[in-house]
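What you see below is based on every heavy atom in this structure, not just the backbone, and it leaves out hydrogens, waters and symmetry mates. Throughout, a chain's letter reflects where its sequence line sits, starting with A, and its residues are numbered from 1. Keep in mind it's a predicted model, so treat the numbers as computed, not measured.
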Protein chains: 2
Amino acid sequence: MDNADRHLYFSFFNEVNIIGQLSRAQFEARLPKGVLLPHFSVLNHLVRVGDGATPLALARAFQVPKTTMTHTVSGLVQRAFVTLKSNPKDGRSKTVWLTNAGREFRDDAIKLLDDDMEALRAAIPADKISALVPALEEIRVFLDAYRNEPEDP
Amino acid sequence: MDNADRHLYFSFFNEVNIIGQLSRAQFEARLPKGVLLPHFSVLNHLVRVGDGATPLALARAFQVPKTTMTHTVSGLVQRAFVTLKSNPKDGRSKTVWLTNAGREFRDDAIKLLDDDMEALRAAIPADKISALVPALEEIRVFLDAYRNEPEDP
DNA sequence: ATTATATAGTACGATATCGCATTAAATTAA
DNA sequence: TTAATTTAATGCGATATCGTACTATATAAT
């Protein structure tokens with residue numbers, strides 16, 4: 001690979017990382033102290049796709065180690081934003097359920113973030129974002145699959 | 001903002017965050033234990049744009065808090081990949097300089113990553129990445145400027 | 001049926017990240 | 001010049017993240 005291509009791919013990942021850092025910091029500055037982006041993200045996910053997911057399913061959805069998701073979910077439990085129930089289909093497992101407080105918190109957080117979202121949309125219109133997301137999804141899917149590939153023998 | 005747009009922007013940041021996580025984990029799996037992506041990134045930056053930068057300038061380049069950069073640089077010093085000199089222009093400040101070991105480590109790391117890069121390029125060709133980077137830069141620049149804006153009075 | 005293997009969740013330890021406070025030096029104001 | 005303010009770097013403390021190891025349960029193999 002020549003230097004130009006190498007630099008291109010490095011630049012891509014560098015931009016992605018910086019956008020991730022900045023957006024996360026911005027998000028968390030709006031949320032109550034101690035509530036982090038992963039907390040909100042999990043609540044939002046449960047609202048959108050429905051609750052009752054297992055912690056492991058959530059870990060996979062967000063591509064984080066399961067120990068990390070245990071930690072995140074325990075924070076949500078402490079704040080009574082979710083409750084855990086045993087999984088009737090699997091005695092090893094649990095299921096995660098939204099409480100009313102969890103739904104309210106998620107709705108309120110979206111309102112808190114809405115001004116920032118609007119400011120972003122004013123600078124970067126929605127069609128520009130729509131144009132990016134499919135390619136990003138493709139890259140994310142590749143990385144996810146690649147990570148699970150067996151090593152060369 | 002309607003739900004569709006909100007979800008679009010959330011999806012964008014979600015994809016960005018996951019790509020950041022996965023790429024970082026992949027990178028670090030190739031590097032020697034204890035050497036992290038930020039270590040490599042700083043070395044690579046110093047090689048590319050020249051060494052002698054101050055820690056604060058590096059923190060700004062990577063959009064991390066200066067305490068984080070202090071920590072990262074100290075790791076590079078421990079491994080003798082860089083040395084710190086006092087800044088002749090400012091007694092409060094320091095400058096960061098590559099050692100031969102640091103340059104060699106960076107070059108070797110690039111070789112270690114090259115197979116992964118090739119695999120990625122085979123799946124996502126360079127022109128697809130080039131098409132993304134300018135928009136990502138634009139978003140990053142917006143977020144960086146937005147973060148420094150004064151609050152509403 | 002019994003045994004072996006795989007899987008879900010968690011406890012624990014290591015450490016990266018980052019906010020706050022401190023120190024020393026530079027800059028600005030009076 | 002002296003005093004007040006700003007700035008660069010770092011020590012310290014809190015905690016998120018994540019790897020390893022462990023327990024309990026489920027699934028597969030014999």
Asp114(B) and Arg6(A): CA distance, side-chain angles, deciding distance, salt bridge (Lys or Arg N to Asp or Glu O under 4.0 Å) verdict: CA-CA 8 Å; Asp114(B) 230 34; Arg6(A) 189 149 41 220; 2.8 Å; yes
Candidate pair Trp97(B) and Thr99(B), rule side-chain hydrogen bond (donor to acceptor under 3.5 Å, both in side chains), full reasoning: CA-CA 7 Å; Trp97(B) 300 90; Thr99(B) 63; over 6 Å; no
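Each of Lys89(A) and Arg24(A) was assigned the nucleotide of DNA chain D with the nearest heavy atom; the assignment lying further toward the 5' end belongs to Arg24(A). Between Lys33(A) and Lys66(A), the residue whose closest nucleotide on DNA chain C is further toward the 5' end is Lys66(A). Sequence order on DNA chain D of the closest nucleotides to Pro65(A) and Thr54(B) puts Thr54(B) first from the 5' end.
When the P atom of dT17(C) is taken as reference, atom CD1 of Ile18(A) falls 14 Å away, rounded to whole Å. Rounded to whole Å, the distance from CZ on Phe62(A) to P on dT17(D) is 12 Å. At whole-Å resolution of the value, CZ in Arg60(B) and C1' in dT7(D) are 9 Å apart. The interatomic distance linking Leu36(B) (CG) with dT15(C) (P) rounds to 11 Å, in whole Å. Atom-to-atom, CG of Leu37(A) to P of dT17(C) comes out at 17 Å; the value is rounded to the nearest Å. Counting to the nearest Å, the P atom of dT17(C) and the CD atom of Glu28(A) are 14 Å from each other. Atom pair Leu56(A):CG and dT10(C):P shows a separation of 11 Å (rounding to whole Å applied). Between Gln21(B) atom CD and dT17(C) atom C1' there is a gap of 15 Å when expressed in whole angstrom units.
Residue contacts shown for Ser93(B) are limited to sugar-phosphate atoms, with no base heavy atom under 4.0 Å away. If you check every strand for non-hydrogen atoms under 4.0 Å, Ser74(A) touches nothing. Heavy atoms of Asp90(B) sit under 4.0 angstrom from primed sugar atoms or phosphate atoms, though from no base atom.
A salt bridge does not link Lys85(A) with Asp51(A): none of the charged nitrogens is closer than 4.0 Å to a carboxylate oxygen.
Relative to the side chain of Pro38(B), the nucleotides dT17(C), dT17(D), dG9(C) differ in distance, and dT17(C) lies closest.
Proximity of His71(B) to the phosphate of dT17(C): no side-chain N or O atom is located under 4.0 Å from OP1 or OP2. In terms of phosphate contacts, Thr67(A) brings no side-chain nitrogen or oxygen within less than 4.0 Å of OP1 or OP2 of dT10(C). In terms of phosphate contacts, Thr68(B) brings a side-chain nitrogen or oxygen within less than 4.0 Å of OP1 or OP2 of dC18(C). Residue Arg92(B) has no polar side-chain atom (N or O) positioned under 4.0 Å from OP1 or OP2 of dT22(C).
The residue from Leu56(A), Leu58(A), Val64(A) that alone fulfils the side chain to side chain contact (heavy atoms under 4.5 Å, CB included) condition with Arg60(A) is Leu56(A).
Residues His7(A) and Arg48(B) have side chains that bring a donor and an acceptor to within less than 3.5 angstrom of each other.
For Lys94(B) against dA9(D), no side-chain N or O and base N or O form a donor-acceptor pair under 3.5 Å.
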